[in-house]
Amino acid sequence: MAPTVRTVISPGRYVQGKGAIHQLGEFVKQLGSTPLLVADDLVWGFVGHDVETSLKDADLPLHREKFNGIPSAKEVDRLVEVIKKTKADIAIAVGGGSTIDAVKAAGFLAGIRWANCPTVASTDAPCSALSVIYTETGEFEEYRFFPRNPDLVLVDSQIVANAPVALLIAGVGDALATWLEARATSRSNSKTMAGGLPTVTGTALAKLSWEVLWENALPAIDAVKDHQVTPAVEKVIEANTLLSGLGFESGGLAAAHAIHNGLTAVPQTHGLAHGQKVNIGSVTQLVLEGAPTSDIRDFIEFTTRVGLPNTLTEVGLRADDRESLKKVADAATVAGETIHSMPFEVSSEDVASALATIERYAGNVREQAHLPAPVPYVAHH
Ligand SMILES: [Zn+2]
């Protein structure tokens, strides 16, 4: 593709609402006749019955394969074999971002269609035409890009509201980064994950995601603590899943996600959600940009109220552990990382310095705003 081309990509159909799961069979039937459902045992325990009923009502057969937890190259290859064995013509991920990433990659390799039924709104993985592949131990390995997006993304808002609120909070962290990164990509006129330059459409969707979240995230989080679906919850699910999905893919990623990828290189951060690590990336990107102090303060205050980490302490790191920070910064700035879409050059030293400063910066902002002090994170293996 010529570097001057601008492009937007999106899933074939997006469906969201309370009880949407009951229409899964009806929508899948338009796409294939032999679905393979992939879900881990925990998720299947919650939604398996409803999925089964919906497929049965649409006269579709039911094959469920257990997902093994990490979207590694090995797990993807295993799912490809299952697809071939069952002669499935559509693979459907039921679960979170990891299940979804594995199923997209497997569906593509097997040459069949794929659909996603996210049971949480914790990442913007469901709508995109790419997967993030991790090593067996959970370190970032590579992005895999596919020639098309999922044919269907179906989200049942009640299922999302029934999940632990921490997952919705992580999704807000992932989605807030979308605008910061799309804004940087638009300023530098760099290529997006969709394989072309950003369109005004992609950039505008990223901004809309940000606005919806500032307005609705706090009331939505309160509602989900009681497992209720309110209009604010519906808006946040859409922002985390659809707006952020289209916004990051067609608007562009920059420093925040590269720093997230860097954070996966040190064991101290393992066990944290994607969106939690991304939020550290967002704060660090704002510092790298030399963003207005009031913007950085507002972001730290807001994300603290949301329940996202914005200090090193909260992701198991320390400002004086220069060795770990260097490791994170080196991984965040390798050739090909999205940090090179920033409108200025960013070196590993720049990232290490910015990371080291967020501890005191965020700590002071929180103290002055009478917000809770950071609670140390200890990774469990
Ligand atoms: Zn993300």
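Whatever order the structure lists ligands and atoms in, that order sets their numbers, starting from 1. Note that the numbering runs from 1 along the sequence shown for the chain.
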Answer yes or no for His260: is there an N/O/S atom below the 2.8 Å cut-off from the Zn ion (ligand 1)? no
Approximate separation, where rounding is to 0.5 Å, of Leu24 CG and Cys117 SG: 5.0 Å
State which residues pass salt bridge (charged side-chain N to carboxylate O under 4.0 Å, His left out) with Arg297; sequence neighbours excluded, sorted by chain then number. none
Pair Asp57 + Lys29, salt bridge at N-O below 4.0 Å: no
Looking at the Zn ion (ligand 1), which N/O/S atom of Asp174 is the nearest one? OD1
Nearest to the Zn ion (ligand 1), which N, O or S atom of His257 do we find? NE2
For Arg148 versus Ile112, what's the shortest heavy-atom pair and its separation? NH2-O, 3.1 Å
